[in-house]
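The structure under discussion appears below in the form of C-alpha cells.
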Amino acid sequence: MLKLQPKLDGVPQVAESGATSTEDSQLDAIIVQIGQFGRFQITNYLLLCLPIICNAFYSISYIFTASNVAHRCNITQCDSSDSSYSAPFLNFTTPQSRGAWDQCQHYALSSEIETASAACNESNFNQSELISCEAGFKMVEDERTIASEFGIFCGDQWKLSMVGTVNNIGQFVGIPLGGYLADRYGRKSLLVIGGILSAFAGLARSHAPNYYSFLGLEFLDMAVGSTLFPTAFLMALELVGPKHRVVAATSITLTYGLAEAALGYLADFIRDWRVLLRVLYTPALLHLIFICLLPESVRWLLSQSKELDAMNILRKVARVNRKSLSEQQLTELMRSNRQLVAKSSATGGHYSLRQIVHALGWRIAQCCFVWFTHTFIALGLSLNSSELKGSKFENFSMMGFMQLPGSLLATVIMHRIGRRWALTSCMTSCTLFLLAVPALQEAYPVTSSVLYFMAKMTSTGSFVILYFFTSEIFPTNCRNSLLSFCSMVGRFGSMLAPQTPLLIPYYTYAPHFLFALFGFVCACLTLYFPETTNKALPTTLEEARSLDRSMPKPLATKSAV
C-alpha cells in the first residue's frame, strides 16, 4: 500500500508498506478488476490538479510579491518628480555596485558647496566620499512589490527575507495539523475548507495596508494552504492500481514543477504584486466544486467504518470505467474491514521512544541532517536564481522546468546503482556544479548559469531519492512517525533558506559556497546509510538495525521494493 508523508519543496513521499493488510489486498484486487487507471481515475486526477497547482503557486509566490525592486538614491540636486531610475547624471552622482547603480549610497556634495544652491554638475560632487540615501529613492517603474509600496529598502531588506521564513513556518504548522484533520474529518472536507480559506487569506493579503498585516496573512495562508498538496496527492493515488502508482506519482510531481515554471511567466506578465495575488488566488475558490464532483477517499471511509459509502464509490468507479464488479467481493471487503477496525484499538506491537532511540538514534540524526540539507539547498537555489544573469522571471521558470528531468533522472538511477550511491552521486554533483558557478561566471557567464540550473536538477533528483530511501530504513510500526519527524526537522532548512540572499552584499557567491559546504557534508554522511535496494522493508527494530550489516535475501512473505 502506498503511504504519503508530508510534502516538502514540491516532492511527494511514497513508501511501500511491507506488511499489507487483508483489507488493503482485497481493495487493491477490486481496483485491478474495475480499472487501475480508467476514465474515473483520470477525471479524479484532473480535478486534483487544482490543489496541486495552487499549492505550488502559494508556497513560493513570495519570491515575487516580496522581492527587492531595483532602486537608487534620489539625488535632490538632479532628480525631479518625473525623472526615471536611469539618468545620465548618475555617472557622477551614484557609484556602481555589482554592475548596477548602488542602491543605498551616493556621492556627497563637495564641502564648499551649499546644499540648497548646488547645481547638478559633476564638479559639485565629491566622488571620494559616500553618504547614505537621505531624500528617498527612485525605483524601476514597471515592477511593484511590497518593497516599493511599503518602503522596504537598504537596512530594512531583512523584512523581505522574513516573508519567506514566515511562509515556511506556516507550512511547518500547517502540514502536521492538516494531516491530523484529514484523518479525523476526511480528505475531501479538508481540501474544500483548506482551499477556500487559502483563497480568502491570499485575496485578503492582496489588500494588506502595511507590511505586518501582509506578514500575518502570509503565515495564515500557508497554515491552511500547505495541506493541499499532500492531501490531493494521497487522494489521486488511492484509487490507482498498483501497476500504475509509480507513473501516477511521477506525473503529479511533474505537474508541481510545471506549475512553478508557470508562476515565473505569470509574475513576468503581471508586475503588480496585488494584481498577481488576485490572479493566483481567485481560482482556489473553485475548490467549492469538489463538494459535488470529488468523491471521498475510499480508504478513509473504510477506516471510519463507512463501508456503504465506500461501496457506492467503488460501484461508480466500475460503472464509469465500464467494468464489472462482484457484490460478493464488496461483501467480503466489508467483512474484513469490520474485523480490521475492531482490532485497531489494540496497542500491542508498538515500540517505546527509548527503544527506538537506542536502536536507531544515529540513523535518525543522520536522516534529520540530510533532510535539513536538502530543503535548505532546494529552496535556496530557487530563491537565489534571481541573482543570475538575465531576467529573474525566466530564471525562476527554468528552475521549475529543471525539476522535470531531475525527477526522471532519480527514478532511473536509484534502481540501477542503488539508493545510497544514487543519493550520494546526485548531492556530490550538485556540490560540484555550485562550486563551478563562481569559477566560470566572469569568463563564461552562460556556462555558469547552465551549471546553476544543473545544480537545481541534481538537487531535485537527490530529493526524490531521499523520499524513497528514508521510507525504507525504518521499521513498519514507527515508519510513518519517524519519517514525519525527519521531514519536520528538515523544514528548518526551508526556514533558513530565505535568509541566504542577505549574504550577497558581503560576498556575491556566499550562498553558493554555503550550499556546497552543506552538500559536501551531506554527500559524505549519506555513505554511512545502509543500502536498501532489493531488500525487504524492515518490520521490526532488529530488522531495521540489520540493514547496516549484510542482510540475507528478502523473505518470500515480505514485499521488497
To the nearest 0.5 Å, what is the distance between [atom1] ([X]) and [atom2] ([Y])?
X: Lys316; Y: Ile34; atom1: NZ; atom2: CD1; result: 12.5 Å
X: Leu263; Y: Ser397; atom1: CG; atom2: OG; result: 7.5 Å
X: Arg274; Y: Ser206; atom1: CZ; atom2: OG; result: 7.0 Å
X: Leu276; Y: Thr145; atom1: CG; atom2: OG1; result: 11.0 Å
X: Leu47; Y: His287; atom1: CG; atom2: NE2; result: 10.5 Å
X: Thr526; Y: Arg419; atom1: OG1; atom2: CZ; result: 14.5 Å

Tell me yes or no: between the side chains of [X] and [Y], is some donor less than 3.5 Å from an acceptor?
X: Gln329; Y: Gln33; value: yes
X: Ser494; Y: Asn168; value: yes
X: Lys188; Y: Ser297; value: no
X: Thr165; Y: Gln499; value: yes
X: Tyr256; Y: Ser59; value: yes
X: His374; Y: Ser459; value: no

Over all atoms of both residues, closest heavy-atom pair of [X] and [Y]:
X: Ala410; Y: Gly461; result: CB-O, 3.2 Å
X: Ile196; Y: Leu285; result: CD1-O, 3.7 Å
X: Ser226; Y: Ile175; result: OG-N, 3.5 Å
X: Ser213; Y: Ala208; result: OG-CB, 3.5 Å
X: Cys367; Y: Cys486; result: SG-SG, 3.1 Å
X: Glu296; Y: Ser189; result: OE2-N, 4.1 Å

Pairing residues for [X] by the side chain to side chain contact (heavy atoms under 4.5 Å, CB included) criterion, not counting sequence neighbours:
X: Leu191; result: Leu48, Pro51, Leu228, Thr231, Ala232, Met235, Phe290, Leu294
X: Ile291; result: Val192, Leu288
X: Phe492; result: Phe172, Phe372, Met495
X: Leu46; result: Ile42

Are [X] and [Y] packed together at the side-chain level, in the sense that at least one heavy-atom pair is separated by less than 4.5 angstrom?
X: Met427; Y: Ile377; value: yes
X: Val240; Y: Ile31; value: no
X: Leu333; Y: Leu27; value: yes
X: Leu404; Y: Met457; value: no
X: Leu181; Y: Thr227; value: no
X: Phe453; Y: Asn395; value: yes
X: Leu383; Y: Pro498; value: yes
X: Gln171; Y: Asn167; value: yes

Kindly write out the residues that satisfy salt bridge (Lys or Arg N to Asp or Glu O under 4.0 Å) with [X], not counting sequence neighbours, or none if the list is empty.
X: Arg363; answer: Asp548
X: Arg278; answer: none
X: Asp309; answer: none

Apply side-chain contact (heavy atoms from CB on, under 4.5 Å) to Ser462 and Thr458, showing your working.
-> CA-CA 6 Å; Ser462 185; Thr458 50; over 6 Å; no
Where does the angle between the aromatic ring planes of Phe64 and Phe393 fall among parallel (under 30°), tilted (30 to 60°) and perpendicular (over 60°)?
-> parallel
Pairwise salt bridge (charged side-chain N to carboxylate O under 4.0 Å, His left out) hits with a residue in [range], at least two apart:
range: residues 318-329; value: Arg315-Glu327
range: residues 402-414; value: none
range: residues 208-227; value: Arg205-Glu218, Arg205-Asp221

Pairs meeting criterion ring-ring contact (aromatic ring centres under 6.0 Å, His included) with involvement of residues 207-226, two or more places apart | Phe214-Trp273
Which pairs pass ring-ring contact (aromatic ring centres under 6.0 Å, His included) with one or both residues in residues 40-61, sequence neighbours excluded?
-> Tyr58-Tyr281
Could you walk me through whether Leu277 and Leu203 pass the side-chain contact (heavy atoms from CB on, under 4.5 Å) check?
-> CA-CA 7 Å; Leu277 284 178; Leu203 292 173; over 6 Å; no
May I have the step-by-step check of side-chain contact (heavy atoms from CB on, under 4.5 Å) for Ser67 and Leu160, ending in yes or no?
-> CA-CA 7 Å; Ser67 67; Leu160 301 179; over 6 Å; no
Verify, without hydrogens or angle tests, whether [X] (side chain) and [Y] (backbone) share a donor-acceptor contact under 3.5 angstrom.
X: Thr460; Y: Gln403; result: no
X: Thr375; Y: Gly490; result: yes
X: Ser385; Y: Ser382; result: yes
X: Arg420; Y: Phe529; result: yes

Phe200, CZ atom: more than 12 neighbouring heavy atoms under 6.0 Å = no
List the steps and the verdict of side-chain contact (heavy atoms from CB on, under 4.5 Å) for Phe401 and Glu260.
-> CA-CA 8 Å; Phe401 284 127; Glu260 281 199 1; over 6 Å; no
